[in-house]
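Inspection log for the structure reproduced underneath, given as structure tokens.
The basis for the numbers below is simple: all heavy atoms, side chains too, and nothing from hydrogens, waters or symmetry mates.
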Amino acid sequence: ILTGMVSSTLYQQRTRQATRSLEQLASSAAPFLASAQMDSLSELLTAQAGELGGRLLAVDMDGKVQADTFGARSGQRLSIPETVAVLLHGETLGALVLSLPVDELQSALETVKRQLMTVFLIVAGAAMAVALMLSGMLTRPVKALTQTIRRMGKGDLSARVNVRTSGELRELAESYNAMAEQIEHLDKSRSQFVA
């Protein structure tokens, strides 16, 4: 869930940055597209494509690519649905299309995933260690009481629980010690009576 949120945030952030850059670039490129200065438009797009780290295409209002920083699609019609929707949406000179590689973003996401997994494993390990320590602290008095009861069951009526805890376990240990004392006293009384 966390890595999904991080990846979504990174993609949204990259999209917002690219959108802001394209809006600024569009205002600079519009005069060149309007006056058909394709060499100047190509130079501007090539310089900006390097800064943005992707491929830029300038498309006129008919959907024809007027400039391509890769030089592969110049003169061809572009049929990307989003671009067609923009061109049909009112009074536009054209559109700028930015194509960005996602390798760098994917690499960053993999790094974040590895870091999150490392943190998760460390936190899980620490939680396990704390849980083991707490369970040991909680079960130690119960084990001591159990061992004392076993000693008494084998005939050692002088066996008592060393009370070091608080709360219900302390109350249980004190009750056991009182009971053991009474049993020992009764056993001594019985022995004296028989004697």
Side-chain angles (χ1 to χ4, degrees), residues 1-139 167:
I1 291 172
L2 192 56
T3 56
M5 289 170 43
V6 169
S7 66
S8 175
T9 301
L10 286 176
Y11 278 114
Q12 288 173 359
Q13 183 181 15
R14 182 66 170 130
T15 302
R16 281 193 301 270
Q17 289 172 345
T19 301
R20 280 194 299 267
S21 297
L22 277 178
E23 287 171 355
Q24 293 171 353
L25 180 59
S27 62
S28 301
F32 297 128
L33 186 61
S35 62
Q37 297 176 7
M38 295 310 141
D39 290 336
S40 299
L41 180 63
S42 291
E43 288 175 22
L44 176 66
L45 294 183
T46 302
Q48 291 298 312
E51 289 180 30
L52 292 171
R55 177 182 184 182
L56 276 167
L57 295 102
V59 181
D60 65 13
M61 59 185 162
D62 295 327
K64 189 175 179 184
V65 177
Q66 295 299 318
D68 178 0
T69 55
F70 283 13
R73 304 271 322 238
S74 294
Q76 297 179 6
R77 291 221 182 275
L78 196 64
S79 59
I80 299 172
E82 292 86 356
T83 306
V84 172
V86 167
L87 294 173
L88 294 175
H89 182 53
E91 298 179 28
T92 57
L93 282 173
L96 286 178
V97 178
L98 174 63
S99 174
L100 295 170
V102 293
D103 296 344
E104 188 177 305
L105 195 54
Q106 288 291 75
S107 173
L109 284 173
E110 288 302 318
T111 301
V112 168
K113 282 181 184 179
R114 279 193 301 276
Q115 290 172 345
L116 285 173
M117 270 312 248
T118 302
V119 168
F120 173 75
L121 290 174
I122 290 170
V123 168
M128 290 283 287
V130 168
L132 287 174
M133 286 184 346
L134 285 175
S135 70
M137 289 171 44
L138 293 174
T139 59

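- With rounding to the nearest 0.5 Å, the separation of CG in Asp60 from CD in Gln66 is 4.5 Å.
- Side chain of Ser74 to main chain of Gly71: no donor-acceptor pair is present (N/O by atom type, distance under 3.5 Å, no hydrogens or angles).
- Taken from CE in Met61 to CG in Leu33, the straight-line distance is 8.5 Å, to the nearest 0.5 Å.
- In terms of heavy-atom proximity, Leu56 sits nearest to Leu52 at CD1-CD1, 4.2 Å.
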TODO: Apply side chain to side chain contact (heavy atoms under 4.5 Å, CB included) to the pair Arg55 and Leu98, showing each step before the final yes or no.
DONE: CA-CA 6 Å; Arg55 177 182 184 182; Leu98 174 63; over 6 Å; no
- [ ] Begin with the C-alpha distance, continue with both residues' side-chain angles, and end with the deciding distance and a verdict on side chain to side chain contact (heavy atoms under 4.5 Å, CB included) for Gln115 and Thr111.
- [x] CA-CA 6 Å; Gln115 290 172 345; Thr111 301; 3.8 Å; yes
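- Shortest non-hydrogen contact noted between Gln106 and Tyr11 is OE1-OH, 3.0 Å.
- Counting non-hydrogen atoms of neighbouring residues, nucleotides and ligands closer than 6.0 angstrom, the CE atom of Met38 exceeds 12 such neighbours.
- Residues passing the side chain to side chain contact (heavy atoms under 4.5 Å, CB included) test with Gln12 are Ser8, Arg16, sequence neighbours excluded.
- In terms of heavy-atom proximity, Pro31 sits nearest to Ser27 at CD-O, 3.4 Å.
- Nearest heavy atoms, Pro101 versus Gly53: CD-O, 3.2 Å.
- Nearest heavy atom pair, residue Leu45 against residue Ala67, reads CD1-CB, 3.7 Å.
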Open item on the list: Quick one, Met117 with Arg114, criterion side chain to side chain contact (heavy atoms under 4.5 Å, CB included). Give me CA distance, side-chain angles, the key distance, then yes/no.
Closed with: CA-CA 5 Å; Met117 270 312 248; Arg114 279 193 301 276; 5.7 Å; no
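- Note that CD1 of Ile1 is 12.5 Å distant from CG of Leu116, once rounded to the nearest 0.5 Å.
- Interatomic distance, Leu44 CG to Thr69 OG1, rounded to the nearest 0.5 Å: 11.5 Å.
- Atoms CD and CD, from Glu43 and Gln48 in turn, are 12.5 Å apart once rounded to the nearest 0.5 Å.
- Using a distance-only test at 3.5 Å, with no hydrogens or angles considered, a donor-acceptor pair links the side chain of Arg77 to the main chain of Asp62.
- For Glu110, the side-chain hydrogen bond (donor to acceptor under 3.5 Å, both in side chains) test picks out no residue, with sequence neighbours left out.
- Between Leu41 and Ala58 the shortest heavy-atom distance is CD2-CB, 3.7 Å.
- The structure places CG of Leu57 at 14.0 Å from NZ of Lys64, a figure rounded to the nearest 0.5 Å.
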Let me check something: any side-chain donor-acceptor pairs from residues 124-138 under 3.5 Å, sequence neighbours excluded? List them with distances.
residue, atom, partner, partner atom, Å
Ser135, OG, Ala131, O, 3.3
Ser135, OG, Leu132, O, 2.9

